[in-house]
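Before any comments, here is the structure.
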Amino acid sequence: MILPRSFYARDTITVARELLGKEIVHRGDAGVTSGIIVETEAYPGGEDLASHSAAGITDRTRVIFGAPGHAYVYLCYGMYWCLNFVVEREGAPGCVLIRALEPLKGMEIMRRRRPRAKSDRELANGPGKLTMALGITRRENGVDLTRGSLTVHTHGGEVPFDIAVTPRIGITKCADLPLRFVRM
DNA sequence: CCGCGGATCTTCT
DNA sequence: GAAGATCCGCGGA
């Protein structure tokens, strides 16, 4: 089942936690690839200076202030694409960074896109790696996650799991907030 | 396994 | 003009 827009139209931390265990599916030119979300980070906006939306509405951040259930894709360090999901109600900023996937469908396609991966678990165990594995680039910025080529689904047969909570990785502002969530 | 530095370019100051 | 939500290869333990 595709997650409905109401799933995303909630507070950032709740959505970041509940995205763990869900399946991201991308239908690209090479075929279908997918993976289970195992690591996320919350970027709630507002007082959080680490959130891109702290800069206000700009060409880059406009999508973060828009309707929930859309993708926010940006270029990191000039070389890597990072995938976020827009959350909170329309007009309120908030997004969730997808930091790692457990590869599921289209493993052959992902291996071709990630020639440097020495094992299957290295295919998508990082924010830049998972966009490479799924073939996600600027083209996907702003797309609707409830229809189209990039969607998020429930994943049946999921057994309960623990969630580890830690500070977010690789930031300098608001670096101590416990906003990173990892499926154990 | 761990730490270090280079690559590379968009965005905001 | 500088920083930045990263990755990879290298060298050492």
Side-chain angles (χ1 to χ4, degrees), chain A residues 8 11-20 22 24 26 33 35-66 68-88 92-103 107 109-143 145 150 152 163-183:
Chain A
Y8 301 97
D11 82 87
T12 309
I13 292 173
T14 300
V15 180
R17 296 180 67 100
E18 294 192 14
L19 276 170
L20 295 175
K22 303 297 191 294
I24 300 180
H26 186 225
T33 47
I36 305 300
I37 300 172
V38 296
E39 182 181 344
T40 63
E41 281 178 359
Y43 286 87
E47 303 293 301
D48 176 31
L49 296 179
S51 292
H52 288 173
S53 54
I57 298 179
T58 66
D59 282 343
R60 179 171 73 155
T61 64
R62 185 165 291 110
V63 65
I64 307 174
F65 290 83
H70 291 256
Y72 165 51
V73 181
Y74 74 94
L75 186 61
C76 191
Y77 293 104
M79 274 172 289
Y80 302 102
W81 298 104
C82 282
L83 173 65
N84 295 252
F85 296 158
V86 175
V87 301
E88 304 279 354
C95 64
V96 175
L97 171 68
I98 309 303
R99 284 196 59 90
L101 300 179
E102 184 181 282
M107 305 280 290
I109 300 170
M110 291 195 264
R111 289 191 195 102
R112 247 176 283 140
R113 288 176 178 152
R114 291 266 308 126
R116 298 226 171 90
K118 298 189 196 76
S119 66
D120 285 349
R121 71 166 286 278
E122 290 181 20
L123 288 174
N125 65 337
K129 300 178 195 177
L130 71 91
T131 53
M132 276 187 255
L134 294 181
I136 288 171
T137 67
R138 190 100 208 195
R139 288 196 314 274
E140 278 68 40
N141 188 43
V143 301
L145 298 170
L150 180 62
V152 190
I163 299 176
V165 183
T166 81
R168 294 171 293 184
I169 304 291
I171 58 171
T172 54
K173 300 168 189 160
C174 299
D176 295 330
L177 301 178
L179 294 177
R180 172 174 173 258
F181 306 99
V182 185
R183 190 189 74 167

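As a basis for the values below, the full set of heavy atoms in this structure was taken, side chains included, without hydrogen atoms, waters or symmetry mates. We name chains A, B, ... by the order of the sequence lines, and we start the count at 1 in each one.
- Distance from the side chain of A:Arg138 is smallest to B:dT10 among C:dG4, C:dA5, B:dT10.
- With distances taken from any side-chain atom of A:Cys76 to the nucleotides C:dC8, C:dA5, C:dC7, the minimum falls on C:dA5.
- Atom CD1 of A:Ile13 sits about 10.5 Å away from atom OG1 of A:Thr40, to the nearest 0.5 Å.
- For the pairing with A:Thr12, the side-chain contact (heavy atoms from CB on, under 4.5 Å) check across A:Asp48, A:Val86, A:Val87, A:Leu179 returns one residue only, A:Val87.
- Among the heavy atoms of the strands lying under 4.0 Å from A:Arg114 are primed sugar atoms or P, OP1, OP2 only; no base atom is included.
- With a cut-off of 3.5 Å on both pairing distances, C:dA13 has no Watson-Crick or G-U wobble partner at all.
- Nearest to the side-chain atoms of A:Thr172 among the listed nucleotides B:dA7, C:dT6, C:dG4 stands C:dG4.
- Atom CZ of A:Arg111 is surrounded by more than 12 heavy atoms from other residues, nucleotides or ligands within 6.0 Å.
- For A:Arg116, taking side-chain heavy atoms from C-beta onward, the closest of the listed nucleotides C:dG9, B:dT10, C:dT6 is C:dG9.
- The interatomic distance linking A:Trp81 (CH2) with B:dT11 (C1') rounds to 13 Å, in whole Å.
- Donor-acceptor pairing under 3.5 Å, judged by distance alone, is present between the side chain of A:Tyr74 and the base of C:dA5.
- Atom-to-atom, CG of A:Leu97 to C1' of C:dA5 comes out at 5 Å; the value is rounded to the nearest Å.
- If you find the closest nucleotide of DNA chain B to A:Asp59 and to A:Gly78, the one lying nearer the 5' end belongs to A:Gly78.
- A straight line from CG of A:Asp176 to C1' of C:dA5 spans 16 Å, rounded to a whole angstrom.
- When the nucleotides B:dC12, C:dC7, C:dA5 are ranked by their closest atom to the side chain of A:Arg60, B:dC12 comes out on top.
- Rounded to the nearest 0.5 Å, atoms CD1 (A:Ile136) and SG (A:Cys82) are 11.0 Å apart.
- Separating the CD atom of A:Glu122 from the C1' atom of C:dG9 is a distance of 13 Å, rounded to the nearest angstrom.
- Within the shown strands, C:dA2 is the pairing partner of B:dT11 under the Watson-Crick or G-U definition, both distances less than 3.5 Å.
- Each of C:dC8, C:dT6, B:dC12 was ranked by its minimum atom distance to the side chain of A:Lys129; first place goes to C:dC8.
- If you take CG of A:Leu49 and C1' of B:dT13, they are 15 Å apart, rounded to a whole angstrom.
- Using modelled atom types, one side-chain atom of A:Glu41 and one backbone atom of A:Ile169 make a donor-acceptor pair closer than 3.5 Å.
- To the nearest 0.5 angstrom, A:Leu19 atom CG is 11.0 Å from A:Leu97 atom CG.
- For the pair A:His52 and C:dA5, the criterion of a side-chain N or O lying under 4.0 Å from OP1 or OP2 is met.
- Atom NZ of A:Lys173 and atom C1' of C:dA5 are 11 Å apart (whole Å).
- Two residues, A:Leu83 and A:Ala117, neighbour DNA chain C, and the one matched to the more 5' nucleotide by heavy-atom proximity is A:Leu83.
- Regarding A:Ile98, its CD1 atom lies at a distance of 14 Å from the P atom of C:dT6, rounded to whole Å.
- Taking atom CG on A:Leu75 and atom P on B:dT8, their separation rounds to 13 Å, with Å as the unit.
- Once the 5.5 Å centre distance and the 30° plane angle are applied, the aromatic ring of A:Tyr80 is found not to be stacked with the base of C:dT6.
- If you check C:dA5, B:dC12, C:dC7 against the side chain of A:Thr58, the one that comes closest is B:dC12.
- In this structure, of C:dT6, B:dC12, B:dA7, it is B:dC12 that holds the atom nearest to the side chain of A:Thr61.
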